[in-house]
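Counting from 1, the numbers follow the sequence of the chain as shown. Read the numbers this way: they start at 1 and go in the same order the structure lists the ligands and their atoms.
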Amino acid sequence: MDETTVQVLWGGRLVEKPETQAFAFQASIAVDNRLAQDDIQGSRVHAAMLEKQGVIPPDTAAALDKELLAIAEELENGSLHIDLSAEDIHSFIEGELTKRLGDAGRMVHAGRSRNDQVAVDFRLYLKRTIPVLCGEIQEAVAVILDKAAYYAEAVMPGYTHLQRAQPVTLGYHLVAWACGLKRDRARFLDALDRLDECPLGAGALAGSGLPLDRVVTAKNLGFKRPTLNAMDSVADRDFVLELASAVAITQTHLSRFCEDIVIWSSEEFKFIELSEMWSTGSSIMPQKKNPDFAELIRGKAGRTTGNLVTLLTVVKGLPYAYNKDLQEDKEALFDSLDTAALCLRIFRGMLGAAAFNTERMADACNGGFLEATDAADYLVRKRLPFRKAHEAAALVVRDCIEAGQRSIAERTLEQLKERSPLFDADVYDVLTPFACVRARRTHGGTSPDEVRRQIAELSETID
Ligand code: ARG
């Protein structure tokens with residue numbers, strides 16, 4: 001970039017040309033160029049409002065609208081390229097208008113500042129892209145729930161402390177994942193609802209002495225209402241923090257699902273067989289098939305958490321109102337949103353193509369006394385106080401371990417009766433992994449019928 005050709009919106013006050021590197025340092029066009037269409041939309045509505053309020057003449061407004069539309073189209077069809085040596089997207093579009101229209105182009109900025117302009121552009125961008133991200137979440141949930149329905153009866157160990165705890169079904173485990181994503185989507189929609197206020201017309205920080213109609217601007221840009229206070233409008237980045245937080249939580253979920261997948265794909269577990277298309281090999285170990293995609297999604301959760309911390313840190317010490325520090329907001333949030341969209345797509349592809357080793361999972365339910373709670377519950381049904389039932393079942397487990405037995409069902413009825421006379425022959429019916437699972441019919445439990453009900457409810461409420 002030649003410093004003598006730099007076009008800025010603030011040239012009048014400063015006699016010296018900006019130093020090349022310093023100018024590049026403070027420029028943001030490399031990041032905010034994706035706001036081009038939003039910036040144009042904002043300018044069109046602003047110009048129309050200025051005309052309606054008698055601030056600019058009708059022919060100027062018409063020329064501005066026509067040219068803004070033309071610029072939008074040219075950018076869209078590739079005949080106009082964004083000049084990356086401009087300071088930011090606002091300067092580029094206004095510069096383009098002025099190049100084409102002369103003084104008419106110089107009229108569009110009346111009553112606004114780049115402070116409210118960038119705030120409105122950013123919100124418009126989020127209003128059109130967050131629903132797309134929510135769609136990605138829905139698609140990921142759909143893939144999870146498909147698998148969950150398919151594996152609604154496939155028993156596997158459920159874990160606490162990564163120790164085998166009680167039998168569950170794979171379908172049940174997968175529904176647990178989907179619940180997290182459902183809440184994530186709700187968080188995005190909630191943030192979207194709160195950011196649905198229009199800051200345009202707030203000016204630099206104090207509103208405008210020109211007769212702007214901010215209600216009309218807000219309405220024509222599709223916002224619910226104008227923001228209440230001009231100073232808050234240009235200083236506030238809560239919507240950025242909320243969305244970065246919603247991304248960080250979504251990514252934390254994906255990271256945990258992927259951690260499950262990494263563990264399940266190990267030779268020790270072997271619960272999941274990732275498709276070869278969604279695995280990688282090793283450059284040295286010929287036998288390897290690595291779950292790199294799951295690991296990378298897990299890793300990228302670190303990056304999105306980092307973005308949230310960046311944003312909170314950028315905002316925390318800022319005096320009211322606008323400060324240039326706020327320019328850092330877009331790079332961090334764009335990166336978070338892009339990362340989440342990508343991770344959701346990769347996750348859904350990887351899971352969709354994976355096969356589960358149901359035999360291995362069922363086998364893993366044997367040998368760890370996962371049926372112990374059910375033995376205790378059996379006694380509770382016979383009116384033994386739970387604490388006593390728990391103790392009797394625990395003693396039975398100890399007896400098994402001492403005798404080298406791998407499950408309670410290996411004890412004879414006589415041996416069981418030594419620990420509680422309430423044990424009868426029908427106890428063996430409740431001790432198989434599938435019986436344990438089938439018994440858990442409580443709302444939210446792991447019985448196949450209940451899992452199917454959960455799937456149906458989730459699919460309905462996420463549409
Ligand atoms: N590029 C700037 C940003 O993203 C636009 C606002 C500039 N405002 C200013 N007073 N320098 O925040």
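Using a distance-only test at 3.5 Å, with no hydrogens or angles considered, a donor-acceptor pair links the side chain of Asp32 to the main chain of Ile89.
Aromatic pair Phe293/Phe347: centroids not less than 6.0 angstrom apart. Checked against the 6.0 Å centroid criterion, the rings of Phe356 and Phe271 do not qualify as a close aromatic pair.
The side chain to side chain donor-acceptor pair (under 3.5 Å) analysis of residues 123-132, with sequence neighbours excluded, yields the pairs Arg34-Tyr125, Asp38-Arg128, Arg123-Asp236, Lys127-Asp196.
Given atom 6 (C) of ligand 1, the protein heavy atom at minimum distance is Tyr322 OH, 3.4 Å. For atom 2 (C) of ligand 1, the closest non-hydrogen atom of the protein is Gln327 OE1, 3.2 Å. The shortest contact between atom 11 (N) of ligand 1 and any protein heavy atom is with Arg114 NH2, 3.9 Å. For atom 9 (C) of ligand 1, the closest non-hydrogen atom on the protein side is Asn115 OD1, 3.4 Å.
Where the criterion is an N or O separation shorter than 3.5 Å, residue side chain and backbone included, Lys324 fails it with respect to ligand 1.
The closest side-chain donor-acceptor pair between Asn77 and Ser79 falls under 3.5 angstrom. No side-chain donor from either of Ser208 and Arg214 sits under 3.5 Å from a side-chain acceptor of the other.
At a heavy-atom cutoff of 4.0 Å, ligand 1 is contacted by the side chain of Lys330 but not by its backbone.
Of all atoms in ligand 1, listed by their number and element, those nearer than 4.0 Å to a heavy atom of Asp88 are 1 (N), 5 (C).
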